Protein chains: 2
Amino acid sequence: MKSDRDRSVRLLWEPPVEPSRGPKASLSQSRVVEAAIKVADAEGVDALTMRRVAETLGNTAMSLYRHVPGKSELLDLMVDAVWGETELAPKGHWRSGLEFFARQVWAMYRAHPWTLQLTASRRMPGPKAMARQDAAYAAVSELGLAAEEIVAVVTTVSHFVDGVGRTMADRVQAERETGVSEEEWWNGREALWEHFTPERLPMMTHIWNSGGFERPLDEFEFGLARVLDGLAVFIESEERPLVRPQACL
Amino acid sequence: MKSDRDRSVRLLWEPPVEPSRGPKASLSQSRVVEAAIKVADAEGVDALTMRRVAETLGNTAMSLYRHVPGKSELLDLMVDAVWGETELAPKGHWRSGLEFFARQVWAMYRAHPWTLQLTASRRMPGPKAMARQDAAYAAVSELGLAAEEIVAVVTTVSHFVDGVGRTMADRVQAERETGVSEEEWWNGREALWEHFTPERLPMMTHIWNSGGFERPLDEFEFGLARVLDGLAVFIESEERPLVRPQACL
DNA sequence: ACACCCTGCGTACAACGTAAGCAGTAGAGT
DNA sequence: ACTCTACTGCTTACGTTGTACGCAGGGTGT
């Protein structure tokens, strides 16, 4: 149990050592991870099976277990690998730093939506994900905030980006699974629209008639600007309103 | 294909009709949905199998298929049922209305975290979820916003709440699966803490040493206040900065 | 009384992750 | 050169999932 998770830590934080004895491996850990990421990118998280990954490498499922302890650890490695693709924010104003952070995470989510469909909790954090997190905290480190306020500010941005990302990821997955675009799909739901009466759903029919659903604002851009505005109110206020610790769960 | 989804629509929006012929059913659709929600609440989304739901009802897996077309439709029904537990906001100031909306959704997520672990896209929306959505739009309907701005404002709040909710849901699931609390689990990761050096992760070690991780601010309360502040800046500004439509995906 | 449409359920199948074990290979030690 | 042994890729098999199929029997309308 304990050793399992510690193996994950070693897997993520320490470079794999090549054995000196025995036949050379035709695969390697990094090649397995790379192939798995390609499969997830191209075919979605549901297609990410050990058999499918092995197939793209010209091997059988069980051969992967020579390089990766199990699927869970493979996911840990995949997630940290894609975090490595993001850039760290340059020094500057807190707002541009947080915005940079948000845009990097958003870009990562768009390139690899499957990361959002994996359970995040208790996933062993790797060095690249941690470096990214550290850089985000650094962006708001010189404003005289208390440590827990620094955490709260970055967390707020993260939660918003996660929220938009999840919606986007679900959409991408649905489009791939059905082969039907979002718009086409909803257009085909006549049976649903029949229930959209002004009596039942006054606001939604009004918005619909005004075209508010057809020409939506960019969810990420709009929301990010608002969230940063809200953080600015907090950060730049004279007397900061302190929200004190409280049971959260 | 098409008829499948239309059946979902009928399932959700039209009350089920009792057949007049044949033996009385010992189960009913609502009893199946109720039992499924209980299982998901108590044992998590992974335990939500047809066999397990049937077991709690004293039946076998296949007997459920007399009342529900498949697992996907059962999930549709479960999600709409829990939306029905939330209250609609009373009329009032936009901010209190949006806050009420956010708190209702948050309460629902806390009571039924599994809703966040289901893929949301293309899940057939039911009447109760729609009523809730309509009420949220109504909260900001009298501010002179354009239709697409109304949508964007509510969407921003939703994304934030979804983000916090997801994190919470993952945490709950992990605690149930492992039987180990979040704190205990991280405390047991000595192998991980060895890599937390000030050179590698300066901000995180600083925050750690300042106790910023031990006494965190309430993620939901802090973030919600910031998001609403940011929306206030937008809503109450003289000349509203218009973010025009743009490719989002 | 008959036909028919219900009911619940047993069996079966194709995925999935992965435990166990096996034959072959190539560097290390002598 | 020879053996030992760590290491390779792979086969087989198991338990769990959603659910298609079809059957025996029950209750209602005619």
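Note: hydrogens, waters and symmetry copies are ignored here, and every other heavy atom, side chains too, is used. All values reported here derive from a predicted model rather than from experimental measurement. To find a chain, count down the sequence lines: A is the first, B the second, and so on, and within it residues start at 1.
Comparing the local axis fitted to the first five base pairs of the helix from dA1(C)-dT30(D) to dT30(C)-dA1(D) with the one fitted to its last five gives a bend of 0°, rounded to 10°.
If you take CD of Q29(B) and C1' of dC6(C), they are 17 Å apart, rounded to a whole angstrom. Counting to the nearest Å, the P atom of dG21(C) and the CZ atom of R66(A) are 13 Å from each other. Distance M62(A) CE to dA20(C) C1': 8 Å, rounded to the nearest Å. When rounded to the nearest whole Å, the span between CG of L64(B) and P of dC9(C) equals 10 Å.
Each of A61(A) and G70(B) was matched to the nucleotide of DNA chain D holding its nearest heavy atom; the match closer to the 5' end belongs to A61(A).
Residues that satisfy the ring pair (Phe, Tyr, Trp, His ring centres under 6.0 Å) test with F196(B), not counting sequence neighbours, are W193(B). Residues satisfying the ring pair (Phe, Tyr, Trp, His ring centres under 6.0 Å) criterion with W13(A), sequence neighbours excluded, are H195(B). With sequence neighbours excluded, the residues forming a salt bridge (Lys or Arg N to Asp or Glu O under 4.0 Å) with E182(B) are R122(A), listed by chain and number. Residues meeting the salt bridge (Lys or Arg N to Asp or Glu O under 4.0 Å) test with R103(A), sequence neighbours left out: E99(A), E221(A). Residues meeting the side-chain hydrogen bond (donor to acceptor under 3.5 Å, both in side chains) test with S28(B), sequence neighbours left out: S30(B). Partners of S158(B) according to the side-chain hydrogen bond (donor to acceptor under 3.5 Å, both in side chains) rule, which considers only residues two or more places apart in sequence or in another chain, do not exist here. Listed by chain and number, the residues in a side-chain hydrogen bond (donor to acceptor under 3.5 Å, both in side chains) with S26(A) amount to none (sequence neighbours excluded). Applying the side-chain hydrogen bond (donor to acceptor under 3.5 Å, both in side chains) test to D80(A) and every residue at least two apart in sequence or in another chain returns nothing.
Taking every heavy atom of residues 52-60 of chain A and every atom of DNA chain D, pairs under 4.0 Å involve N59(A), T60(A), by number.
Using the six-membered ring where Trp is involved, W208(B) and F213(B) have ring planes that are tilted, between 30° and 60° apart.
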Below 3.5 Å, can you tabulate the donor-acceptor pairs from side chains in residues 41-58 of chain A to any protein atom, sequence neighbours excluded?
from: D41(A); atom 1: OD1; to: H112(A); atom 2: ND1; distance (Å): 2.7
from: D41(A); atom 1: OD1; to: W114(A); atom 2: NE1; distance (Å): 2.6
from: D41(A); atom 1: OD2; to: H112(A); atom 2: ND1; distance (Å): 3.1
from: E43(A); atom 1: OE1; to: R52(A); atom 2: NE; distance (Å): 2.8
from: E43(A); atom 1: OE2; to: R52(A); atom 2: NE; distance (Å): 3.3
from: E43(A); atom 1: OE2; to: R52(A); atom 2: NH2; distance (Å): 2.8
from: D46(A); atom 1: OD2; to: Q173(A); atom 2: NE2; distance (Å): 3.0
from: T49(A); atom 1: OG1; to: R52(A); atom 2: N; distance (Å): 3.0
from: T56(A); atom 1: OG1; to: V53(A); atom 2: O; distance (Å): 2.7

Below 3.5 Å between N/O atoms, which protein atoms pair up with nucleotides 16-18 of chain D? Just atom names and distances, please.
from: dG18(D); atom 1: OP1; to: K71(B); atom 2: NZ; distance (Å): 2.9
from: dG18(D); atom 1: OP2; to: M50(B); atom 2: N; distance (Å): 3.3
from: dG18(D); atom 1: N7; to: R51(B); atom 2: NH2; distance (Å): 2.7
from: dG18(D); atom 1: O6; to: R51(B); atom 2: NH2; distance (Å): 3.1

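Between the side chain of H159(B) and the main chain of G223(A), no donor-acceptor pair closer than 3.5 Å is present.
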